[in-house]
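Reading through the C-alpha cells given below for one structure.
Read the numbers this way: they start at 1 and go in the same order the structure lists the ligands and their atoms.
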Amino acid sequence: MRAETLASVVLAALVLPVSALPQTTRSSSGKAIYIITNDAKNAVVAVRIGRDGQLSRGTTTETGGAGGSGVDSATNQTAAPDSLFSQSSLTNIFAVNPGSNTVSMLSIDPRDPTKLSLVGTPATLPGEFPVTVAASVKNRLVCVGMTGAKAGVSCASFSANGLGAMDGLRTFDLGQTTPPAGPLNTVSQVLFSSDESVLFATVKGDPTVNNTGFLAAFPINKACSGKGASLAQQGTKSSPNGTAVLFGSSIIPGSSNLFVTDASFGGAVLAIDGQDVASTVGKGVIDGQGATCWATVSPATNTAFVSDVAVNRLVQMSLTDATPLGQIDLSSNGDPGLIDLRAAGNFVYALSPGNGTTSPAVTVVDAIGARQVQHFQLQGLGVSKSAMGMAVLV
Ligand SMILES: *[C@@H]1O[C@H](CO)[C@@H](O)[C@H](O)[C@H]1NC(C)=O
Ligand SMILES: *[C@@H]1O[C@H](CO)[C@@H](O)[C@H](O)[C@H]1NC(C)=O
Ligand SMILES: *[C@@H]1O[C@H](CO)[C@@H](O)[C@H](O)[C@H]1NC(C)=O
Ligand SMILES: *[C@@H]1O[C@H](CO)[C@@H](O)[C@H](O)[C@H]1NC(C)=O
C-alpha cells in the first residue's frame, strides 16, 4: 500500500507537468529576470522565475556606478518612464551606468540566479551617457552604445576576472547633449547578429528636422594568434526604406533578418545583405500606437511581441513581414504602458517602471494563451520610475 501510494505520487509527478504544458513547448523556461534601477546609486534587481514561469523574491545588487536620466524634449523634464530612450541597458550580465560613464560586469551564482556579485571595478567609457550594452560570449567581447555629447560605440574584452580596457569610440555625429534630450535623435540599442559576426546599432532619427535614423553595422575581427576578437573601427550605415525612428530590435532565430520597432509607426522586418546593408522586407503599422519601442521574439509562438510606453498592451507581430497578428490588452492592471521586455519559455516579461503615481511592476504574459498570468510589484526592491532594461537567464 505504501509502495503503491509512492508509485502513484511518482507517476503523478512525472505525468502532470508534461500534460499541463502546451503542446508547442520546446524552449527552456527562464530562471531569473534582471533590471537596472538606474538611480543615483545604480543597482541590478534580480527576480527568480519559478517552474510555472511566475516571479517571486528578488535581490538588489549595486553596480558601483551611477544611473542617469535623459531629458524629455517635449517637456524639458527628466524622462521617466523610459529614462534612457533605449533597449538592452543590461544584458547577462553587464549593466550601463549612464551617470558615471561606466559599464559594470556582474557574475551569477550557479546555484542561485538572483545572487549577483560585482566583478572587478566598472570600466570607464570613452564617450558619454551609455544606454545599451551587448555581449558576445563567442568573441569574449562586450560593446556599449553611448548617446550623450560624445556618442558612439566602444568595446572591451571580458573574462571571468572582469572587463578589459574599453577601446576607442566609433563616433555617431548626433549633436546631442549630456544628458541627451530625447527620445528622438538618440542611440537605441546595440546587439550582435545571431552568428555573433556583426554588431548592429539602431539610431533614431528626428523626422521633425529631416534627420533620418539608421542601422549601423560593424564587423567583428576574429581572434587570431593570441590576439582577442575586436570590433572593426569602420562600419556601414543604412536607412531602410520607410523607417525613421528605429528603436528596439531582436534577432530572428534561424535567419539573418532583424525584427525592429519604429516608434513612429510600429514594427518592421529588415533583411541584411552581404555588405551589412539593411532593407525593409515588411512594415507593420500598429493602429492607435503611442510609441512602439521594444521588441522580443517568443520561442513559444515564433512571433515578435512589442510594447508601447504609452499604451498598456502587447502587440504580436509576424517575423516574416511584421504584420500585426493580435494584441493582449493589459489595461486592467493599471500600468500606464510598458517598456523593455523579454520572452523566455512560454512567457513574456515586460517592465512598467511606473510614472511616479503608478508603482513599478513586471507583467508576466502567457505567450500562447495570450493573457496576463501575473503582475509582480517591484517597489519593495528599491525600483522607481527611472528603471530600465530587461535581461533573462534561460
Ligand atoms: C526647453 O528648454 C529650452 C532651453 O532651456 C528652451 O529653449 C525650450 O523652449 C524649452 N522647451 C519647452 C517645451 O519648455
Ligand atoms: C530632407 O533631406 C533629404 C536628403 O538629405 C533632402 O533631399 C530633402 O530635400 C530634405 N527635405 C527637407 C524638407 O528639408
Ligand atoms: C520605398 O517604399 C515606397 C512605398 O512605401 C516605394 O514606393 C518605393 O519604391 C520604395 N523605395 C525603394 C528604394 O525601395
Ligand atoms: C500615471 O499613469 C496612470 C495610469 O495610466 C495615469 O492615470 C496617471 O495620470 C499617470 N500619472 C502621471 C503623473 O503621468
Residue, atom name and distance, where the atom is the protein heavy atom closest to atom 13 (C) of ligand 4:
Thr357 OG1, 3.5 Å
If two hydrophobic side chains count as joined below 4.5 Å and joins carry through other members, does Phe265 share a cluster with Ile286?
no
Is there side-chain contact between Leu351 and Trp294, with at least one heavy-atom pair below 4.5 Å?
no
What protein heavy atom sits nearest atom 5 (O) of ligand 4, and how far off is it?
Pro336 CA, 3.5 Å
Is the number of heavy atoms from other residues, nucleotides or ligands under 6.0 Å of Gln233 CD greater than 12?
yes
Do Tyr349 and Phe376 have their ring centres less than 6.0 Å from each other?
no
Students often mix this up, so state it plainly: with edges at 30° and 60°, are the rings of Phe218 and Phe172 parallel, tilted or perpendicular?
tilted
What protein heavy atom sits nearest atom 8 (C) of ligand 4, and how far off is it?
Asn355 ND2, 3.8 Å
Per-atom filter on ligand 4: closer than 4.0 angstrom to a heavy atom of Thr358 are 1 (C), 2 (O), 3 (C), 4 (C)
Under 4.0 angstrom from ligand 4, any heavy atom of Gly334?
yes
